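On a predicted model such as this, the values are computed, not experimentally measured, just so you know. Atoms within each ligand, like the ligands themselves, are counted from 1 in listed order. What you see below is based on every heavy atom in this structure, not just the backbone, and it leaves out hydrogens, waters and symmetry mates.
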Amino acid sequence: MRSILSVLVIFVATTVSVEVHRCGEGFPHPLQVTIPGCNVMPCEVPNLTDISFGVRFAPPFPTSMLAVNVTATLGEFNLPYETPEHLRDGCANIDASCPLASGQQVILTGTAPVEAPLTRVTVRMRFEIGGDGGQSAVCFAADVRLI
Ligand SMILES: *[C@@H]1O[C@H](CO)[C@@H](O)[C@H](O)[C@H]1NC(C)=O
Ligand SMILES: *[C@@H]1O[C@H](CO)[C@@H](O)[C@H](O)[C@H]1NC(C)=O
């Protein structure tokens, strides 16, 4: 377990980070986001493949849980998107164990399938991680271009 974690940390640390969109006022922005194979948005991803990501963040409040919610939009439209089961429990995918202290830095890594009805369109995928009391621990959005 220990060696798996350190390999993961080295992997995340040596991958170039990508500038991602903010979710808006009141949503804490990540310290760093890495998407292997993508250092500038939109990230190009073939239909029905997974996008991997790592997000380093520090929840601005103490929390005993992390709920990951991924949504996808195409322009103004919401695409039907189910957050994959393996991603939903954020505490299972971080390099620490919950509960987390306020300001504690963690890295969450995961994969999410990308799917859209059209190629050459840019889908915006929004990753929000909520903590205790429904507060937002971190949120960002990445543009993904289906190829
Ligand atoms: C996920 O986020 C979307 C958009 O903010 C929201 O409509 C939806 O209710 C959230 N789902 C969960 C399970 O929190
Ligand atoms: C992507 O895959 C889904 C599911 O098979 C399909 O409905 C959709 O048309 C595909 N999109 C493209 C651009 O091929």
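- Protein heavy atom nearest atom 9 (O) of ligand 2, with residue, atom name and distance: Pro117 O, 3.9 Å.
- For ligand 2, the polar-atom distance check against Asn47 finds a nitrogen or oxygen pair separated by under 3.5 Å.
- Distance check on atom 11 (N) of ligand 1: some protein heavy atom falls below the 4.0 Å cut-off.
- With Ile94 as the partner, the side chain to side chain contact (heavy atoms under 4.5 Å, CB included) test is satisfied by one option alone out of Leu108, Thr109, Asp89: Leu108.
- Of the possible donor and acceptor atoms, one in the side chain of Arg88 sits under 3.5 Å from a partner among the backbone N and O of Thr83.
- Judged by distance alone, with hydrogens and angles left aside, the side-chain atoms of Asp95 form a donor-acceptor pair with the main-chain N or O of Ile107 at under 3.5 Å.
- Looking at Thr71 next to ligand 1, no N or O pair under 3.5 Å apart turns up.
- A donor-acceptor pair is defined here as one N or O able to donate and one able to accept, closer than 3.5 Å; no such pair exists between the side chain of Thr63 and the backbone of Leu100.
- Of the listed residues (Val68, Thr83, Asn78, Asn69), the one carrying the non-hydrogen atom nearest atom 2 (O) of ligand 1 is Asn69.
- Ligand 2 has at least one atom lying under 4.0 Å from a heavy atom of Leu48.
- Within the 4.5 Å cutoff, the side chain of Cys23 has no heavy atoms near those of the Glu128 side chain.
- Side chains of Asn78 and Thr73: a donor-acceptor N/O pair is absent below 3.5 angstrom, by distance only.
- In this structure a side-chain-to-backbone donor-acceptor pair under 3.5 Å is present from Asn93 to His86.
- Checking atom 7 (O) of ligand 2 against the protein gives no heavy-atom contact under 4.0 Å.
- The proximity of Leu118 to ligand 2, defined as any non-hydrogen pair under 4.0 Å, is limited to the backbone.
- Closest protein heavy atom to atom 5 (O) of ligand 1: Arg126 NH1, 3.6 Å.
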